[in-house]
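Here is the naming used below: chain letters follow the sequence lines, and residue numbers restart at 1 for every chain.
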Protein chains: 2
Amino acid sequence: MMNTKKSTHQNIMDTAQKLIQRKGFNAFSYADIAKELDIKTSSIHYYFPSKTDLGLELMKRYRKTIQEVLEQVDQSELGSREKLQEYLQAYQSIFSEDGRICLCVMLSSDIITLEDSIQQEVKLFLQLNLDWLAKTLEEGVKCNAFNCHADTHAEASLFLSTLIGSMLLARANPKSLSFHQIGQVLYDKYTLHD
Amino acid sequence: MMNTKKSTHQNIMDTAQKLIQRKGFNAFSYADIAKELDIKTSSIHYYFPSKTDLGLELMKRYRKTIQEVLEQVDQSELGSREKLQEYLQAYQSIFSEDGRICLCVMLSSDIITLEDSIQQEVKLFLQLNLDWLAKTLEEGVKCNAFNCHADTHAEASLFLSTLIGSMLLARANPKSLSFHQIGQVLYDKYTLHD
DNA sequence: GTCTATACACAGATAGAC
DNA sequence: GTCTATCTGTGTATAGAC
(Lines give C-alpha, C1' and ligand atoms only; values in the text may rest on other atoms or scores of the structure.)
Protein backbone atom coordinates (compact mmCIF):
# COMPACT_ATOMS: atom_id res chain seq x y z
CA MET A 1 0.00 0.00 0.00
CA MET A 2 1.17 3.43 -0.99
CA ASN A 3 2.04 5.84 1.78
CA THR A 4 -0.03 8.91 0.99
CA LYS A 5 1.10 10.96 3.99
CA LYS A 6 3.09 13.98 2.91
CA SER A 7 6.50 14.44 4.44
CA THR A 8 7.06 17.18 6.99
CA HIS A 9 9.49 18.77 4.59
CA GLN A 10 6.84 19.03 1.91
CA ASN A 11 4.16 20.15 4.35
CA ILE A 12 6.39 22.99 5.46
CA MET A 13 7.10 24.10 1.91
CA ASP A 14 3.45 23.98 0.88
CA THR A 15 2.32 25.93 3.93
CA ALA A 16 5.11 28.48 3.62
CA GLN A 17 4.32 29.06 -0.05
CA LYS A 18 0.66 29.61 0.69
CA LEU A 19 1.54 32.08 3.45
CA ILE A 20 3.95 34.05 1.27
CA GLN A 21 1.43 34.16 -1.56
CA ARG A 22 -1.04 35.72 0.85
CA LYS A 23 1.00 37.86 3.24
CA GLY A 24 4.39 38.33 1.64
CA PHE A 25 7.86 37.16 2.64
CA ASN A 26 8.40 39.64 5.45
CA ALA A 27 4.97 39.27 7.00
CA PHE A 28 4.91 35.49 7.46
CA SER A 29 6.82 33.74 10.22
CA TYR A 30 8.01 30.31 11.25
CA ALA A 31 5.43 30.54 14.01
CA ASP A 32 2.68 30.83 11.38
CA ILE A 33 3.80 27.60 9.74
CA ALA A 34 4.27 25.82 13.05
CA LYS A 35 0.78 26.75 14.17
CA GLU A 36 -0.84 25.56 10.97
CA LEU A 37 1.00 22.22 10.97
CA ASP A 38 0.88 21.76 14.74
CA ILE A 39 4.64 21.42 15.08
CA LYS A 40 7.35 23.54 16.74
CA THR A 41 9.38 26.24 15.01
CA SER A 42 12.59 24.39 15.86
CA SER A 43 11.41 21.51 13.67
CA ILE A 44 11.20 23.91 10.75
CA HIS A 45 14.75 25.06 11.40
CA TYR A 46 15.82 21.42 11.17
CA TYR A 47 14.77 21.37 7.50
CA PHE A 48 15.38 25.01 6.69
CA PRO A 49 18.08 26.51 8.92
CA SER A 50 17.27 30.05 7.82
CA LYS A 51 14.28 31.80 6.33
CA THR A 52 16.37 32.52 3.26
CA ASP A 53 16.99 28.79 2.78
CA LEU A 54 13.25 28.24 2.82
CA GLY A 55 12.50 31.07 0.42
CA LEU A 56 15.22 29.94 -1.94
CA GLU A 57 14.03 26.34 -2.09
CA LEU A 58 10.47 27.55 -2.67
CA MET A 59 11.47 29.71 -5.62
CA LYS A 60 13.55 26.91 -7.11
CA ARG A 61 10.64 24.46 -6.90
CA TYR A 62 8.31 27.11 -8.28
CA ARG A 63 10.58 27.75 -11.23
CA LYS A 64 10.91 24.05 -11.99
CA THR A 65 7.13 23.73 -12.03
CA ILE A 66 6.59 26.49 -14.57
CA GLN A 67 9.58 25.25 -16.56
CA GLU A 68 7.96 21.84 -16.90
CA VAL A 69 4.65 23.37 -17.92
CA LEU A 70 6.32 25.44 -20.62
CA GLU A 71 8.29 22.45 -21.91
CA GLN A 72 5.15 20.36 -22.13
CA VAL A 73 3.37 23.10 -24.04
CA ASP A 74 6.31 23.44 -26.40
CA GLN A 75 6.39 19.72 -27.08
CA SER A 76 2.69 19.70 -27.90
CA GLU A 77 1.25 20.22 -31.34
CA LEU A 78 -0.65 23.30 -30.25
CA GLY A 79 -0.71 26.47 -32.32
CA SER A 80 0.74 29.72 -31.02
CA ARG A 81 -2.60 30.99 -29.81
CA GLU A 82 -3.37 27.82 -27.91
CA LYS A 83 0.10 27.90 -26.35
CA LEU A 84 -0.53 31.40 -25.07
CA GLN A 85 -3.90 30.29 -23.77
CA GLU A 86 -2.24 27.44 -21.87
CA TYR A 87 0.25 29.87 -20.41
CA LEU A 88 -2.51 32.09 -19.09
CA GLN A 89 -4.32 29.05 -17.78
CA ALA A 90 -1.26 28.07 -15.75
CA TYR A 91 -1.33 31.39 -13.91
CA GLN A 92 -5.07 31.30 -13.46
CA SER A 93 -4.71 28.02 -11.59
CA ILE A 94 -2.24 29.70 -9.23
CA PHE A 95 -4.46 32.67 -8.49
CA SER A 96 -6.81 31.77 -5.70
CA GLU A 97 -9.93 33.36 -4.27
CA ASP A 98 -8.44 33.19 -0.78
CA GLY A 99 -5.94 35.88 -1.68
CA ARG A 100 -3.07 33.85 -3.06
CA ILE A 101 -1.23 35.29 -6.01
CA CYS A 102 1.89 34.29 -7.88
CA LEU A 103 4.82 33.58 -5.52
CA CYS A 104 7.21 35.44 -7.79
CA VAL A 105 5.04 38.55 -7.83
CA MET A 106 5.03 38.66 -4.03
CA LEU A 107 8.80 38.24 -3.86
CA SER A 108 9.24 40.86 -6.57
CA SER A 109 7.56 43.44 -4.41
CA ASP A 110 9.80 42.54 -1.45
CA ILE A 111 12.84 42.26 -3.70
CA ILE A 112 14.96 44.92 -2.01
CA THR A 113 14.70 43.28 1.39
CA LEU A 114 15.69 39.80 0.17
CA GLU A 115 19.14 38.27 0.23
CA ASP A 116 20.98 38.15 -3.04
CA SER A 117 20.51 34.42 -3.60
CA ILE A 118 16.73 34.82 -3.67
CA GLN A 119 16.92 37.95 -5.78
CA GLN A 120 18.82 35.98 -8.39
CA GLU A 121 16.26 33.21 -8.34
CA VAL A 122 13.43 35.71 -8.83
CA LYS A 123 15.25 37.22 -11.78
CA LEU A 124 15.74 33.78 -13.31
CA PHE A 125 12.04 33.06 -13.01
CA LEU A 126 11.03 36.32 -14.63
CA GLN A 127 13.57 35.95 -17.42
CA LEU A 128 12.35 32.42 -18.09
CA ASN A 129 8.86 33.82 -18.60
CA LEU A 130 10.05 36.70 -20.76
CA ASP A 131 12.10 34.43 -23.00
CA TRP A 132 9.28 31.97 -23.49
CA LEU A 133 6.78 34.73 -24.21
CA ALA A 134 9.09 36.42 -26.72
CA LYS A 135 9.72 33.12 -28.49
CA THR A 136 6.05 32.19 -28.60
CA LEU A 137 4.95 35.62 -29.79
CA GLU A 138 7.70 35.57 -32.40
CA GLU A 139 6.49 32.22 -33.65
CA GLY A 140 2.89 33.44 -33.80
CA VAL A 141 3.69 36.69 -35.54
CA LYS A 142 5.25 34.78 -38.42
CA CYS A 143 2.08 32.87 -39.16
CA ASN A 144 -0.13 35.89 -38.51
CA ALA A 145 -1.64 34.45 -35.36
CA PHE A 146 -1.01 37.54 -33.27
CA ASN A 147 -2.01 41.13 -33.58
CA CYS A 148 1.26 42.28 -32.13
CA HIS A 149 4.24 44.50 -32.78
CA ALA A 150 7.31 42.95 -34.38
CA ASP A 151 9.49 43.74 -31.37
CA THR A 152 8.54 40.60 -29.49
CA HIS A 153 11.05 41.30 -26.74
CA ALA A 154 9.21 44.49 -25.88
CA GLU A 155 5.84 42.79 -26.28
CA ALA A 156 6.89 40.05 -23.87
CA SER A 157 7.73 42.62 -21.17
CA LEU A 158 4.40 44.32 -21.76
CA PHE A 159 2.48 41.05 -21.61
CA LEU A 160 4.16 39.86 -18.42
CA SER A 161 3.70 43.27 -16.80
CA THR A 162 -0.01 43.09 -17.44
CA LEU A 163 -0.21 39.61 -15.96
CA ILE A 164 1.72 40.62 -12.84
CA GLY A 165 -0.25 43.81 -12.31
CA SER A 166 -3.64 42.23 -12.85
CA MET A 167 -3.13 39.85 -9.93
CA LEU A 168 -2.37 42.72 -7.56
CA LEU A 169 -5.15 44.91 -8.92
CA ALA A 170 -7.83 42.23 -8.87
CA ARG A 171 -6.99 41.27 -5.29
CA ALA A 172 -6.72 44.82 -3.94
CA ASN A 173 -9.74 46.22 -5.75
CA PRO A 174 -12.57 43.74 -6.26
CA LYS A 175 -14.47 46.40 -8.21
CA SER A 176 -12.01 46.15 -11.09
CA LEU A 177 -12.16 43.30 -13.56
CA SER A 178 -11.25 39.92 -12.11
CA PHE A 179 -7.89 38.37 -12.86
CA HIS A 180 -9.58 35.90 -15.16
CA GLN A 181 -11.37 38.66 -17.04
CA ILE A 182 -8.24 40.73 -17.51
CA GLY A 183 -6.47 37.64 -18.85
CA GLN A 184 -9.28 37.22 -21.35
CA VAL A 185 -9.13 40.83 -22.51
CA LEU A 186 -5.36 40.55 -22.78
CA TYR A 187 -5.62 37.40 -24.86
CA ASP A 188 -8.22 38.99 -27.12
CA LYS A 189 -6.01 42.00 -27.67
CA TYR A 190 -3.31 39.74 -29.04
CA THR A 191 -5.50 37.47 -31.13
CA LEU A 192 -8.39 39.54 -32.47
CA HIS A 193 -7.79 41.77 -35.43
CA ASP A 194 -9.57 45.05 -35.84
CA MET B 1 12.19 85.71 5.38
CA MET B 2 10.51 82.42 4.55
CA ASN B 3 11.15 79.49 6.84
CA THR B 4 12.32 76.78 4.47
CA LYS B 5 12.86 74.13 7.16
CA LYS B 6 10.42 71.29 6.80
CA SER B 7 8.40 70.34 9.83
CA THR B 8 9.17 67.12 11.67
CA HIS B 9 5.70 65.91 10.74
CA GLN B 10 6.45 66.32 7.07
CA ASN B 11 9.95 64.91 7.36
CA ILE B 12 8.55 61.76 8.93
CA MET B 13 5.94 61.36 6.22
CA ASP B 14 8.43 61.87 3.42
CA THR B 15 10.92 59.45 4.90
CA ALA B 16 8.27 56.85 5.68
CA GLN B 17 6.91 57.05 2.15
CA LYS B 18 10.33 56.56 0.65
CA LEU B 19 10.96 53.56 2.89
CA ILE B 20 7.63 51.91 2.06
CA GLN B 21 8.19 52.50 -1.64
CA ARG B 22 11.48 50.63 -1.33
CA LYS B 23 10.95 47.97 1.31
CA GLY B 24 7.21 47.63 1.77
CA PHE B 25 4.93 48.37 4.70
CA ASN B 26 5.87 45.36 6.81
CA ALA B 27 9.60 45.63 6.26
CA PHE B 28 10.13 49.24 7.31
CA SER B 29 10.14 50.31 10.95
CA TYR B 30 9.92 53.41 13.10
CA ALA B 31 13.58 52.78 13.88
CA ASP B 32 14.41 53.17 10.16
CA ILE B 33 12.76 56.59 10.08
CA ALA B 34 14.32 57.65 13.38
CA LYS B 35 17.78 56.71 12.18
CA GLU B 36 17.44 58.61 8.92
CA LEU B 37 16.11 61.76 10.58
CA ASP B 38 18.31 61.47 13.67
CA ILE B 39 15.39 61.55 16.07
CA LYS B 40 13.93 58.98 18.50
CA THR B 41 11.10 56.57 17.68
CA SER B 42 9.02 58.05 20.50
CA SER B 43 8.97 61.35 18.61
CA ILE B 44 7.38 59.59 15.67
CA HIS B 45 4.71 58.13 17.93
CA TYR B 46 3.91 61.66 19.04
CA TYR B 47 2.77 62.50 15.49
CA PHE B 48 1.58 59.05 14.46
CA PRO B 49 0.50 56.98 17.47
CA SER B 50 0.35 53.78 15.45
CA LYS B 51 1.91 52.52 12.26
CA THR B 52 -1.56 52.29 10.77
CA ASP B 53 -2.12 55.99 11.44
CA LEU B 54 1.05 56.76 9.53
CA GLY B 55 0.20 54.49 6.61
CA LEU B 56 -3.30 55.89 6.40
CA GLU B 57 -2.16 59.51 6.33
CA LEU B 58 0.41 58.66 3.68
CA MET B 59 -2.15 57.06 1.40
CA LYS B 60 -4.54 59.97 1.87
CA ARG B 61 -1.86 62.48 0.94
CA TYR B 62 -0.82 60.30 -1.98
CA ARG B 63 -4.36 60.10 -3.28
CA LYS B 64 -4.84 63.85 -3.00
CA THR B 65 -1.68 64.40 -5.03
CA ILE B 66 -2.77 62.22 -7.93
CA GLN B 67 -6.27 63.65 -7.69
CA GLU B 68 -4.92 67.15 -8.18
CA VAL B 69 -2.78 66.06 -11.12
CA LEU B 70 -5.77 64.46 -12.82
CA GLU B 71 -7.94 67.51 -12.21
CA GLN B 72 -5.31 69.80 -13.68
CA VAL B 73 -5.02 67.58 -16.74
CA ASP B 74 -8.79 67.52 -17.13
CA GLN B 75 -9.01 71.30 -16.94
CA SER B 76 -6.36 71.71 -19.60
CA GLU B 77 -7.04 71.95 -23.29
CA LEU B 78 -5.03 68.84 -24.03
CA GLY B 79 -6.29 66.15 -26.37
CA SER B 80 -6.99 62.63 -25.16
CA ARG B 81 -3.60 61.34 -26.24
CA GLU B 82 -1.75 64.11 -24.47
CA LYS B 83 -3.81 63.52 -21.35
CA LEU B 84 -2.79 59.89 -21.33
CA GLN B 85 0.80 60.93 -21.88
CA GLU B 86 0.62 63.25 -18.88
CA TYR B 87 -0.82 60.43 -16.80
CA LEU B 88 2.08 58.17 -17.68
CA GLN B 89 4.48 61.01 -16.98
CA ALA B 90 3.08 61.38 -13.47
CA TYR B 91 3.95 57.78 -12.66
CA GLN B 92 7.32 57.99 -14.30
CA SER B 93 8.23 60.80 -11.96
CA ILE B 94 7.36 58.56 -9.01
CA PHE B 95 9.44 55.64 -10.21
CA SER B 96 12.98 56.11 -9.04
CA GLU B 97 16.26 54.44 -9.87
CA ASP B 98 16.94 53.87 -6.19
CA GLY B 99 14.20 51.26 -6.08
CA ARG B 100 11.17 53.37 -5.26
CA ILE B 101 7.94 52.40 -6.93
CA CYS B 102 4.35 53.58 -6.55
CA LEU B 103 3.24 53.63 -2.91
CA CYS B 104 -0.10 52.13 -3.80
CA VAL B 105 1.51 49.21 -5.63
CA MET B 106 3.57 48.36 -2.56
CA LEU B 107 0.55 48.52 -0.28
CA SER B 108 -1.46 46.45 -2.76
CA SER B 109 0.98 43.62 -2.41
CA ASP B 110 0.77 43.77 1.39
CA ILE B 111 -2.98 44.33 1.28
CA ILE B 112 -4.00 41.26 3.29
CA THR B 113 -1.82 42.22 6.25
CA LEU B 114 -3.11 45.80 6.46
CA GLU B 115 -5.85 47.10 8.68
CA ASP B 116 -9.17 47.72 7.05
CA SER B 117 -8.88 51.51 7.07
CA ILE B 118 -5.78 51.36 4.86
CA GLN B 119 -7.27 48.69 2.64
CA GLN B 120 -10.18 51.02 1.95
CA GLU B 121 -7.85 53.88 1.11
CA VAL B 122 -5.89 51.68 -1.32
CA LYS B 123 -9.12 50.67 -3.02
CA LEU B 124 -10.15 54.31 -3.34
CA PHE B 125 -6.85 55.19 -4.98
CA LEU B 126 -7.08 52.35 -7.48
CA GLN B 127 -10.71 53.12 -8.29
CA LEU B 128 -9.85 56.78 -8.83
CA ASN B 129 -7.29 55.72 -11.41
CA LEU B 130 -9.62 53.25 -13.11
CA ASP B 131 -12.43 55.78 -13.37
CA TRP B 132 -10.18 58.46 -14.83
CA LEU B 133 -8.64 56.04 -17.32
CA ALA B 134 -12.04 54.73 -18.43
CA LYS B 135 -13.33 58.26 -18.87
CA THR B 136 -10.27 59.41 -20.79
CA LEU B 137 -10.19 56.35 -23.02
CA GLU B 138 -13.91 56.76 -23.65
CA GLU B 139 -13.37 60.35 -24.68
CA GLY B 140 -10.53 59.39 -27.00
CA VAL B 141 -12.32 56.50 -28.62
CA LYS B 142 -15.09 58.82 -29.74
CA CYS B 143 -12.72 61.02 -31.70
CA ASN B 144 -10.70 58.07 -32.95
CA ALA B 145 -7.62 58.98 -30.92
CA PHE B 146 -7.19 55.50 -29.46
CA ASN B 147 -6.73 52.12 -30.96
CA CYS B 148 -8.75 50.51 -28.24
CA HIS B 149 -11.73 48.30 -27.61
CA ALA B 150 -15.09 49.94 -26.94
CA ASP B 151 -15.31 48.45 -23.45
CA THR B 152 -13.33 51.22 -21.81
CA HIS B 153 -13.97 49.85 -18.33
CA ALA B 154 -12.14 46.66 -19.26
CA GLU B 155 -9.43 48.61 -21.07
CA ALA B 156 -8.85 50.74 -18.00
CA SER B 157 -8.24 47.67 -15.85
CA LEU B 158 -5.86 46.32 -18.47
CA PHE B 159 -3.98 49.60 -18.75
CA LEU B 160 -3.59 50.05 -15.01
CA SER B 161 -2.53 46.42 -14.60
CA THR B 162 0.25 46.93 -17.10
CA LEU B 163 1.41 50.05 -15.32
CA ILE B 164 1.44 48.35 -11.93
CA GLY B 165 3.19 45.24 -13.18
CA SER B 166 5.82 47.09 -15.15
CA MET B 167 7.13 48.82 -12.03
CA LEU B 168 7.62 45.51 -10.26
CA LEU B 169 9.06 43.79 -13.30
CA ALA B 170 11.50 46.56 -14.20
CA ARG B 171 12.80 46.75 -10.64
CA ALA B 172 13.10 43.00 -10.08
CA ASN B 173 14.57 42.15 -13.46
CA PRO B 174 16.80 44.85 -14.96
CA LYS B 175 17.18 42.72 -18.08
CA SER B 176 13.57 43.39 -19.05
CA LEU B 177 12.53 46.68 -20.58
CA SER B 178 12.74 49.64 -18.26
CA PHE B 179 9.60 51.12 -16.74
CA HIS B 180 9.92 54.07 -19.06
CA GLN B 181 10.23 51.85 -22.11
CA ILE B 182 7.23 49.73 -21.17
CA GLY B 183 5.21 52.91 -20.71
CA GLN B 184 6.21 53.99 -24.19
CA VAL B 185 5.25 50.66 -25.76
CA LEU B 186 1.97 50.77 -23.88
CA TYR B 187 1.23 54.29 -25.10
CA ASP B 188 2.09 53.32 -28.66
CA LYS B 189 -0.22 50.35 -28.51
CA TYR B 190 -3.09 52.66 -27.71
CA THR B 191 -2.28 55.43 -30.16
CA LEU B 192 -0.69 53.85 -33.23
CA HIS B 193 -2.92 52.21 -35.76
CA ASP B 194 -1.82 49.18 -37.69
C1' DG C 1 7.88 68.59 21.13
C1' DT C 2 11.65 65.67 22.12
C1' DC C 3 13.86 63.00 25.04
C1' DT C 4 15.06 58.60 28.39
C1' DA C 5 13.54 54.56 30.01
C1' DT C 6 11.00 50.75 29.67
C1' DA C 7 7.34 47.33 28.72
C1' DC C 8 5.88 43.54 26.10
C1' DA C 9 5.38 40.60 22.19
C1' DC C 10 7.44 38.29 18.63
C1' DA C 11 11.04 37.53 15.34
C1' DG C 12 14.76 34.16 13.69
C1' DA C 13 17.86 31.04 15.46
C1' DT C 14 20.60 27.43 18.44
C1' DA C 15 21.81 23.77 22.06
C1' DG C 16 20.87 19.72 23.74
C1' DA C 17 17.51 16.09 25.73
C1' DC C 18 14.70 12.40 24.07
C1' DG D 1 13.30 14.03 13.67
C1' DT D 2 10.91 16.46 17.15
C1' DC D 3 10.83 18.37 21.25
C1' DT D 4 11.93 21.95 25.49
C1' DA D 5 14.38 25.67 26.78
C1' DT D 6 16.67 29.62 25.86
C1' DC D 7 19.22 33.46 23.57
C1' DT D 8 19.36 37.73 21.30
C1' DG D 9 17.64 41.18 18.49
C1' DT D 10 13.99 43.97 17.00
C1' DG D 11 9.27 45.36 16.61
C1' DT D 12 5.40 48.67 18.20
C1' DA D 13 4.03 51.27 21.83
C1' DT D 14 3.68 53.98 26.39
C1' DA D 15 4.90 56.79 30.72
C1' DG D 16 6.88 60.47 32.33
C1' DA D 17 10.98 63.83 32.79
C1' DC D 18 12.70 67.95 30.60
*Output all residues satisfying side chain to side chain contact (heavy atoms under 4.5 Å, CB included) with B:Asp131, sequence neighbours left out; order by chain, then residue number.*
B:Gln127

_Suppose we screen for side-chain hydrogen bond (donor to acceptor under 3.5 Å, both in side chains). Which residues come up paired with A:Ser178, at least two apart in sequence or across chains?_
A:Gln181

*For residues 112-119 of chain B, which residues have at least one heavy atom under 4.0 Å from DNA chain C?*
none

*asked:* Test of understanding: with side-chain hydrogen bond (donor to acceptor under 3.5 Å, both in side chains), list the residues that count as partners of B:Asp74, not counting sequence neighbours.
replied: B:Trp132, B:Lys135

*Return the value, rounded to whole Å, for the distance between atom NE2 of B:His45 and atom C1' of C:dT6.*
13 Å

*Would you jot down, in residue-number order, the residues of residues 12-29 of chain B having a non-hydrogen atom under 4.0 Å from DNA chain D?*
B:Phe28, B:Ser29

*asked:* So, using side chain to side chain contact (heavy atoms under 4.5 Å, CB included) as the criterion, who are the partners of A:Lys23 when residues are at least two apart?
replied: A:Leu19, A:Ala27, A:Asp32, B:Thr113

_Pair listing, salt bridge (Lys or Arg N to Asp or Glu O under 4.0 Å) test, anchored in residues 110-130 of chain A, at least two apart_ = A:Arg63-A:Glu121

*Could you tell me the separation between the CD1 atom of A:Ile44 and the C1' atom of C:dA11, rounded to a whole number of Å?*
13 Å

*asked:* Going by the rule side chain to side chain contact (heavy atoms under 4.5 Å, CB included), which residues pair with B:Tyr187 if we only count those two or more places apart in sequence or in a different chain?
replied: B:Arg81, B:Leu84, B:Gln85, B:Leu88, B:Gln184, B:Thr191

*In whole angstrom, give the distance that lies between atom OH of A:Tyr30 and atom P of C:dC10.*
19 Å

_Sequence-aligned protein contact record of nucleotides 2-8 of chain D, with B where the base is within under 4.0 Å of a protein heavy atom and S where only the sugar-phosphate is_ = BBB----

_Any residue meeting side-chain hydrogen bond (donor to acceptor under 3.5 Å, both in side chains) with B:Tyr47, in chain and number order, not counting sequence neighbours_ = none

*Roughly how far apart are B:Leu130 CG and B:Phe125 CZ, rounded to 0.5 Å?*
10.5 Å

*Which residues satisfy the side-chain hydrogen bond (donor to acceptor under 3.5 Å, both in side chains) test with A:Glu138, sequence neighbours excluded?*
A:Thr152

*Applying side chain to side chain donor-acceptor pair (under 3.5 Å), which residue pairs with at least one partner in residues 33-43 of chain B are found, sequence neighbours left out?*
B:Lys18-B:Glu36

*Taking atom C1' of D:dT10 as reference, at what distance in whole Å does atom CD1 of B:Ile33 sit?*
15 Å

